[in-house]
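Encoded as structure tokens, the structure appears first; notes follow it.
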Amino acid sequence: MFRNQYDTDVTTWSPAGRLFQVEYAMEAVKQGSAAIGLRSKTHVVLGCVNKANSELSSHQKKIFKVDDHIGVAIAGLTADGRVLSRYMRSECINYSYTYESPLPVGRLVVQLADKAQVCTQRSWKRPYGVGLLVAGLDEKGAHLYYNCPSGNYFEYQAFAIGSRSQAAKTYLERRFENFSESTREDLIKDALMAIRETLQGETLKSSICTVAVVGAGEPFHILDQETVQKLIDSFEIAGTEEGPAAAPDSAAEGGSAAEGGAASEQGAPADEGVAPMDI
Amino acid sequence: MTRDIDCAWAGPWTWVGCLNKSSGKSRQAQAPTIVMFLVQQDTDTGLLFLFRNLTEFLSLGEHSSLNFITQLMESIQAKQGLVGPNDPIQRTQLPYVTGTSVVALKYKDGILMAADMGGSYGSTIRYKSVERIKPIGKHSLLGASGEISDFQELLRNLDELILYDNMWDDGNSLGPKELHSYLTRVMYNRRNKFDPLWNSLVLGGVKNGQKYLGMVSMIGVNFEDSHVATGFGNHLARPILRDEWHENLSYEDGVKLLEKCMRVLLYRDRSAVNKLQIAKITEEGTTISQPYALKTFWGFTAFQNPTAGAEGSW
């Protein structure tokens with residue numbers, strides 16, 4: 001059951017300088033259904049794939065509004081994501097009570113990262129099993145951050161997390177250089193395209209994805225399903241054909257999105273030798 | 001027969017106990033009796049009384065022991081004046097050194113603010129070079145009337161706040177609007193502790209081309225306006241400002257208008273002194289003038305006999 005003798009608790013180092021429990025937590029992010037984010041100078045768009053647990057249930061919410069100027073998309077343990085969203089909401093509301101102005105995104109992200117870091121250094125805690133794409137606006141413009149369970153955070157022009165996110169990343173990497181000047185509509189289109197890359201042949205429908213926008217003069221909001229479907233239709237990107245990048249990447253990821261526990265064993269050999277805190 | 005006396009410290013109360021022991025040699029051995037009573041720990045008067053009378057106490061009978069306790073309690077109650085750790089918390093009820101009015105207005109390029117430099121100890125003008133206008137961060141000016149030391153404490157707090165804000169080094173900074181809101185929270189919070197900061201504050205600034213001017217009172221009342229004045233200024237300067245202020249005041253006209261207000265205050269407010277500073281804040285930054293005096297003319301007939309026609313005054 002255990003991978004090795006150094007992974008029984010979060011504060012134990014392996015001789016190679018790794019914290020296995022933290023790495024397992026980051027593995028949980030890869031298991032979750034995909035979430036993507038991209039930004040221009042004035043707007044940030046978040047998108048995610050909605051996967052229902054069973055035929056009989058609805059899917060879980062993966063994009064949360066934190067404040068008028070901040071929103072998050074999560075991948076991994078949804079329950080942890082909700083706890084962190086609540087923390088972020090409370091930080092925002094406290095800041096705006098004191099200063100009557102919005103909390104700068106970067107500061108919220110640092111606080112969030114510090115909160116996650118504490119869990120990597122206390123024997124009686126466990127790291128959060130969730131990755132967050134934090135989209136927001138402040139006086140320096142639009143921002144997109146990725147917060148991971150290790151307590152690291154990174155700022156991105158565009159990023160994707162979760163299962164088969166590599167396909168979306170490949171798509172975004174091909175196009176990110178133009179994002180800075182993109183219009184809001186182009187960003188949404190690229191978001192939908194990136195989401196489609198993660199679907200592995202499944203048809204892109206508004207029922208299996210969520211898109212949210214925040215931008216100058218536009219408070220963070222989740223686009224309603226009807227709007228998303230119209231956009232999909234107008235962009236004519238619903239096609240069922242295999243996305244060019246999807247096939248090779250899904251193989252690399254072990255196609256393991258659905259099979260919870262088994263995946264961590266499969267995923268393990270792939271990232272052996274990876275520096276411990278890398279995402 | 002011997003008596004032992006001892007005390008045990010427990011929380012704010014002290015048990016003082018006295019034990020009567022019959023000496024072993026006596027035939028009719030008495031059962032030991034214990035007398036205990038509570039003394040408040042901070043009542044050193046009471047304990048002093050106890051130990052001073054220790055010898056006497058040891059020779060007392062049981063009946064007089066009770067009497068002794070009564071005396072002890074009375075001596076505790078008689079204690080007056082000093083404040084002990086368990087007495088009700090006392091707050092400063094009155095300001096000590098105070099500054100008088102601050103007057104400020106918006107003008108074409110930013111904010112102008114004026115305040116004299118007097119510091120009154122009660123009604124005595126005790127200090128003559130108190131700076132009551134200070135820059136806060138890059139975008140704001142703070143002027144204060146009222147308790148000078150409260151203002152200085154507030155300045156220390158704000159210095160720390162700005163320092164921590166700068167330490168983020170992320171291009172975001174607290175502007176006048178944020179600081180005004182923060183000060184409102186601080187003032188209202190302190191008044192809710194029944195320990196207000198005894199000031200009226202004027203907060204002005206410019207950030208991203210936006211001019212901002214507001215006030216906070218010692219109980220947290222706050223508002224924004226195009227021109228504001230604290231204390232006597234509210235009665236004597238505001239009417240002038242209402243008549244003469246307009247949006248496009250030039251720097252020179254703004255200064256002239258402020259000087260007019262300050263001159264009226266100098267004539268009619270006994271706490272005002274003829275040494276003032278005028279501060280300017282624009283998008284470019286903050287400048288606070290060197291102290292200077294206004295030209296005055298005291299030969300007006302109304303000043304010759306100020307109480308003439310005011311029946312009942314001396």
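Residue numbers begin at 1 in each chain, while the letters A, B, ... track the order of the sequences.
- The neighbour count for A:Y153 OH, taken as heavy atoms of other residues, nucleotides or ligands under 6.0 Å away, does not exceed 12.
- Shown here is B:H246, whose NE2 atom has more than 12 heavy atoms of other residues, nucleotides or ligands within 6.0 Å.
- The nearest pair of heavy atoms linking A:E139 to B:G171 is OE1-O, 3.9 Å.
- The stretch residues 76-97 of chain A places A:Y95, A:Y97 near chain B, each with some heavy atom under 4.5 Å from a heavy atom of that chain.
- Neither the backbone nor the side chain of B:L183 comes within contact range of chain A, judged by heavy atoms closer than 4.5 Å.
- Applying a 4.5 Å heavy-atom cutoff, none of the residues of residues 130-141 of chain B approach chain A.
- In this structure, B:Y121 places its OH atom where only 12 or fewer heavy-atom neighbours from other residues, nucleotides or ligands lie under 6.0 Å away.
- With hydrogens and angles disregarded, no donor-acceptor distance shorter than 3.5 Å links the side chain of A:T98 to the backbone of B:Y182.
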Task: Verdict with supporting geometry, A:R107 and B:D170, salt bridge (charged side-chain N to carboxylate O under 4.0 Å, His left out) - done: CA-CA 8 Å; A:R107 300 188 184 182; B:D170 60 356; 3.0 Å; yes
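- Interface remark: B:D165 contributes backbone and side-chain atoms alike to the contact with chain A (heavy atom separation under 4.5 Å).
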